[in-house]
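See structure below.
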Number of protein chains: 2
Amino acid sequence: MAKRTQEQAEETRRAIIAAARHLFATEGYAATSIAKIVADAGATKGALFHHFASKESLFLEVWNTIQLEMDAETRAAAEAGRSPSDPYAAFLAGTRVYFKWASKEEYQRIALVDGRAVMGLERWQERDDRLGRSNVEGGVRHLARKGLIKERNVVALSIMLLNALNGAGFALTRNDPGITADSLFEAFEELLRGLR
Amino acid sequence: MAKRTQEQAEETRRAIIAAARHLFATEGYAATSIAKIVADAGATKGALFHHFASKESLFLEVWNTIQLEMDAETRAAAEAGRSPSDPYAAFLAGTRVYFKWASKEEYQRIALVDGRAVMGLERWQERDDRLGRSNVEGGVRHLARKGLIKERNVVALSIMLLNALNGAGFALTRNDPGITADSLFEAFEELLRGLR
DNA sequence: AGTTTTACATACCACTGGTATGTAAATTAA
DNA sequence: TTAATTTACATACCAGTGGTATGTAAAACT
C-alpha cells in the first residue's frame, strides 16, 4: 500500500498527533523520539515528515490544540459565570476552570514546561500572550472599569495574576498536605479582592 | 600532556562549568552540544566526562550555582532592608533584588525555563522549594505573624507570589512599552499590601 | 487516457550524548 | 627511594537521534 485517500491521510495525521500528544504529555518532549511516535501511531517516519516539517512543528501543533481547548473552556465558563451583582464573578469562574487545566499533568508538561523550552523565550511569550494573558487582562480590565483596580497597572497585574495561577497549578500536583485546590483558589480570590 | 595537578584539574573543571554556563544561558540547554562546551573550555570530552557524570549533571551544577548566588543576594538585601517601622520593608527589599535576577536572561533561561524541562516537574519542584519558595514563604509568614495576612493561606499565597515575581521577570525582557520594572514592582507591592 | 500530484516507505546521513580503552603523570604506600 | 595505585585526562568508538533524498504506486485532476 502506497498512496492513500485524502480522508485516510487525515486519519494518519490525526493518529500521529494523538500519539505525539500522549507521549509529550507523559514522557516529555526531549524523551520522546520520532521513532516512538510513529510506532505508536502505526505509521512511518516518511508519513510523519510528510505531514510535519519537523518534530518541533509537530509539537507546536499539539501545543496550539491544547491551548485552544483550554481557551474555549475558560471563556465559556467566564461567560456563563457573569453576574450583575458581583463584578468578580465572571473572572473567578474563568479562573476556576483555568485552574483545573493548570493542574493537569498534560497541560503542565506541554503548555507550561516544555513549551517554553522548545519555543524559546520570545516565541513562547508572543504565543502565550495571545491566549492566557489576554484573557486575564480582559478580566482585570473589566474590574478596572468598575473602579475595583487601579487603571494604571492593568498590564503588570495581569501578568502577575496569570503566573500566580500557573504556579498554583504546579503546586497542586505534589500531594503536599498543606496545599489543596480550595486553599489555592481562596488565596487567589484574596489576592484579587485585595486590590481595593 | 596527560595527567594534571589537582589544582590544574580544578581549573579545567571550572573552565568547563564557565563555558557551559555561558552556552546554556545564551543558546539554551538543548542547543548546546558537549562538543561545543569542551571546545570553548579548551578541553576534551574525556575531561568533561571525568568531572561530570552527564550533560544533565553538569547543567544541575550550573543551575545550583546560579540559584545559590541569587539566594545569597536576596537574603542579604532582605536583611539589610529590615525596618522596625514598616513590616513590609524587608520583604520588598528582597523582592526588588529577586526581581532583578528574574529579569536577567541567564537566570530566565537556566533557572526558569530549561531547568524545569531538564529536571522534570518533580525534581524541579523539590529543588526550587528549597530556595526561592522558602524565602518568599519566610516573608509571608512574617507578615502573617504581624497580622497583615491571613494565617491560613500562607503556603498558597507564597506559591502565587513567587510565580507572580517570576512572570514579572519574563515580562521585562520584551521591550513592551506598557511594562517597566517600576510598574511591575509597584503592582507587586499593591498585591502584597492588598492582603489586608 | 494521460499527466501530475499526493502520501507515503525505505535507505541513508551527520551529529548527538555516552562509553570503553589507553596512558602518562601525580599521588600515596612501603 | 621506589613500587603500586590512582588521577586526569585523550582517543576511538557506538547506538540512537532528527532530518533528508529517493523511489513508487495509487489517487486526483485535466
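Residue numbers start from 1 in every chain, and the chains themselves are labelled A, B, ... in the order their sequence lines are given, proteins ahead of strands.
Checking D:dA10, D:dT20, C:dG18 against every side-chain atom of B:R4, the shortest atom distance belongs to D:dA10. Each of D:dT11, C:dA9, D:dT17 was ranked by its minimum atom distance to the side chain of A:S33; first place goes to D:dT17. Side chain of A:A9, nearest nucleotide from C:dA7, C:dG17, D:dC9: C:dA7. Listed nucleotides: D:dT11, D:dG18, D:dA8. Nearest to the side chain of A:I34: D:dG18. Between D:dG19, C:dG18, D:dA10, one nucleotide has an atom nearer to the side chain of B:T44 than all others, and that is D:dA10.
Toward the 5′ end of DNA chain C lies the nearest nucleotide of A:Q6, the other residue of the pair A:Q6 and B:E56 mapping further downstream. Residues A:G46 and A:A35 each lie close to DNA chain D; by heavy-atom proximity, the contact nearer the 5' end of the strand is made by A:A35.
When rounded to the nearest whole Å, the span between CZ of B:F49 and C1' of D:dA10 equals 14 Å. As a whole-Å value, the separation of B:L23 CG from C:dT16 P is 13 Å. Here the C1' atom of nucleotide C:dA7 and the CD atom of A:Q8 are 10 Å apart, to the nearest Å. Spacing between atom CD of A:E27 and atom P of D:dT17 amounts to 12 Å, rounded to whole angstrom units. The nearest whole Å value for the distance from the CG atom in A:L58 to the P atom in D:dG19 is 10 Å. Atom C1' of nucleotide C:dG18 and atom NZ of B:K55 are separated by 12 Å, given to the nearest angstrom. The nearest whole Å value for the distance from the CG atom in A:L48 to the P atom in D:dT20 is 12 Å. Following rounding to the nearest Å, A:L60 (CG) and D:dG18 (P) show an atom-to-atom distance of 16 Å.
Under the 6.0 Å distance and 45° angle rule, B:K100 does not count as a cation-pi partner of B:Y107. Judged by the 6.0 Å and 45° rule, A:R109 forms no cation-pi pair with A:F24. For the pair A:K146 and A:Y88, the cation-pi criterion (under 6.0 Å, within 45° of the ring axis) is not fulfilled.
One finds a side-chain N or O of A:H50 lying less than 4.0 angstrom from the OP1 or OP2 phosphate oxygen of C:dA7. Phosphate proximity of C:dC8 to A:T12: present, with a side-chain N or O under 4.0 Å from OP1 or OP2. Residue B:H51 places none of its side-chain N or O atoms closer than 4.0 Å to OP1 or OP2 of D:dA8. Between A:T5 and D:dA27 there is no side-chain N or O to OP1 or OP2 distance below 4.0 Å.
A salt bridge links A:R123 to A:E56: one of the charged nitrogens lies within less than 4.0 Å of a carboxylate oxygen.
Donor-acceptor pairing under 3.5 Å is lacking for the side chains of B:Y98 and B:N135.
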